[in-house]
Amino acid sequence: MPFSRRSFLGTLGLGATAAAVGFRGLERVAFAEPPRTPSPGGPILLNSNENAYGIFPSVEKAALEGLRVAHRYPFRIYHDVVERIAAGNKVSPKQVLLGNGSTEVLAMASRAFTGPGRKLIAAVPTFESSLAYSRDRGAQVVEIPLTSTYAHDLDAMLAHAGRDTGLVYICNPNNPTASLTPRRDIEAFLRKLPANTYVLIDEAYHHFATGSPDYLSFIDKPVDDPRVIVARTFSKVYGMAGLRLGYSVATPATTKLLQPWQLEDNGNMIALHAALAALNDDAAMRAAVARNAADRKEFTRQAAVRKLRAIPSYANFAMFETGRPVRDVIKHFRADNIAVGRPFPRMENFVRVSFGTPDDMATFWRTWDKLPTLAKQESGLRSQESAAANC
Ligand SMILES: Cc1ncc(COP(=O)(O)O)c(C=O)c1O
């Protein structure tokens, strides 16, 4: 049955409860998940930090080539992609593991380094897959609130780290806040961390983290530390979320510890063809980064015009204070068939919005402007008072 913007509303209803969509990560357990297939007048999806513009033309062509040979196992091209990622990042292929999305990398790290008596330390709010996978392992999960600037509170994380800490998860830029944790602070943190504690640095939004001297990738400028694992994905700048490919970079010894937890033959022919093309199309990647920067600038401008308090974004989404419970805002947008980010812990008066096309965003702001103004002002005052406690 084809879905229209109206039928998304009609089918799910305003009171729809959480609907799992087949992913293990909690991020993907949508507050109310609309259909993902774009159609004229279909729902506007500003809820999963996807690339609204689709895959590059070169990637589409390569993916179709992959489809033509999809009756074969992808042994050769799997190896080629690992080599290409290694060469592009100036590391050895022994330092690279592919994942079925970077989600699989997160799962590998939780399984390799956490469990009973080996806890995970992570921020709250952050991308929650690592937390879920560690809990599945029977590990204790320590959640440390972000600082007032929405950085990871590395001092507090350190205070909780001991010999029983298997893994620390650092999402940089962080999802859902799109904020940065300064590079120098992470370096200082690594120097003080117990020797047996691994650190997973999730750089899913790496390409968008432009314009701040505080950000420097731990792949581009590695630290000489076998405890560091960096996760990257093809889902964001390359727009390949539906193809499912990501990877890790770590020392050969650490990679060996992750590998037993990797699903064998976890890359498909189409995604692998697409990934090679994506990595070879620098011009398209740079254009995607520039387009996102322009979309982000326009979002910031629109938020400022409305005197909204937006957290400075270094990603392809942003979070701003709503002045009212986000659940009400989500319902309001859903009534116009627009999906925005779900509620996040400790951020009950903030909404996360993934950047859509300019047309999508014009619709988004028109819908925002239909929110009752008086209530917005009143609860805005209240939420400012509680912001310090929230974050
Ligand atoms: C911070 C972060 N890490 C990892 C992922 C997982 O991405 P994927 O499995 O598509 O690579 C996401 C997805 O939104 C994310 O926001």
Side-chain angles (χ1 to χ4, degrees), residues 21-31 33 36 45-52 55 59 81 85 96-110 120 122-134 146 150-152 167-181 199-209 215 217-219 229-249 261-263 266-268 270-272 274-275 278-279 292 313-319 339-342 344 347 352-355:
V21 291
F23 288 94
R24 178 64 188 81
L26 289 181
E27 173 73 3
R28 273 62 170 271
V29 180
F31 188 60
E33 181 67 13
R36 317 292 307 166
L45 302 177
L46 308 178
N47 61 335
S48 296
N49 302 345
E50 296 154 343
N51 184 328
I55 52 176
V59 170
V81 171
I85 290 170
V96 175
L97 284 181
L98 299 187
N100 187 260
S102 58
T103 299
E104 192 186 352
V105 170
L106 272 44
M108 284 187 245
S110 284
L120 172 80
V124 59
T126 193
F127 187 67
E128 289 161 343
S129 290
S130 288
L131 287 72
Y133 286 118
S134 294
L146 298 172
Y150 306 100
H152 285 63
L167 185 67
V168 178
Y169 173 69
I170 297 178
C171 187
N172 201 30
N174 188 47
N175 181 8
T177 49
S179 48
L180 294 181
T181 299
V199 179
L200 174 57
I201 302 180
D202 185 340
E203 296 186 355
Y205 300 98
H206 157 75
H207 293 87
F208 305 123
Y215 180 79
S217 161
F218 278 81
I219 296 182
I229 303 142
V230 183
R232 289 269 187 95
T233 180
F234 286 88
S235 297
K236 306 300 175 181
V237 76
Y238 299 115
M240 288 170 45
L243 286 174
R244 315 301 306 130
L245 199 67
Y247 62 92
S248 61
V249 174
W261 301 99
Q262 183 191 37
L263 183 72
N266 63 348
N268 73 74
I270 300 168
L272 292 164
L279 292 171
N292 183 69
S313 165
Y314 293 91
N316 63 342
F317 60 92
M319 223 182 192
V340 294
R342 65 181 171 83
F344 289 94
M347 308 286 285
R352 190 195 68 188
V353 183
S354 312
F355 302 145

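Both counts, for ligands and for their atoms, begin at 1 and track the order of listing.
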Need the ligand 1 atom indices (1-based, order shown) with element for anything under 4.0 Å from a heavy-atom of [X].
| X | answer |
| --- | --- |
| C171 | 1 (C) |
| T233 | 8 (P), 10 (O), 11 (O) |
| R244 | 8 (P), 9 (O), 10 (O) |

At under 4.0 Å between heavy atoms, which part of [X] makes contact with ligand 1: side chain, backbone, both or neither?
| X | value |
| --- | --- |
| S102 | both |
| N49 | neither |
| K236 | side chain |

Mind checking whether [X] has a heavy atom under 4.0 Å from ligand 1?
| X | answer |
| --- | --- |
| Y205 | yes |
| A204 | yes |
| A241 | no |

Report yes if some N/O of N175 lies less than 3.5 Å from some N/O of ligand 1; otherwise report no.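 Yes, at least one N or O pair falls under 3.5 Å.
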Under 3.5 Å between any N/O of Y169 and any N/O of ligand 1: does that happen in this structure?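 In fact, backbone or side chain, Y169 has no N or O that close.
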Just one of P176, S313, P125 clears the side chain to side chain contact (heavy atoms under 4.5 Å, CB included) bar with M319, so which one? P176
Apply salt bridge (Lys or Arg N to Asp or Glu O under 4.0 Å) to E203 and list each qualifying residue two or more places apart in sequence or on a separate chain. R232
Sub-4.5 Å side-chain heavy-atom contact between L98 and I85: yes
Quick one: does Y133's side chain get under 4.5 Å of L120's, heavy atoms only?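 A side-chain contact is absent here, since even the closest heavy-atom pair is not under 4.5 Å.
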Using the six-membered ring wherever Trp is involved, compare the ring planes of Y238 and H207 and label them parallel, tilted or perpendicular (cut-offs 30° and 60°). perpendicular
Which residues satisfy the ring-ring contact (aromatic ring centres under 6.0 Å, His included) test with H152, sequence neighbours excluded?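 ring-ring contact (aromatic ring centres under 6.0 Å, His included) check on H152 returns nothing, list empty.
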Test side-chain hydrogen bond (donor to acceptor under 3.5 Å, both in side chains) on R352 and N175; report intermediate values, then the result. CA-CA 9 Å; R352 190 195 68 188; N175 181 8; 2.8 Å; yes
Could you pull out, from A107, P176, S235, the option with a heavy atom nearest to atom 10 (O) of ligand 1?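 Among A107, P176, S235, the closest heavy atom to atom 10 (O) of ligand 1 comes from S235.
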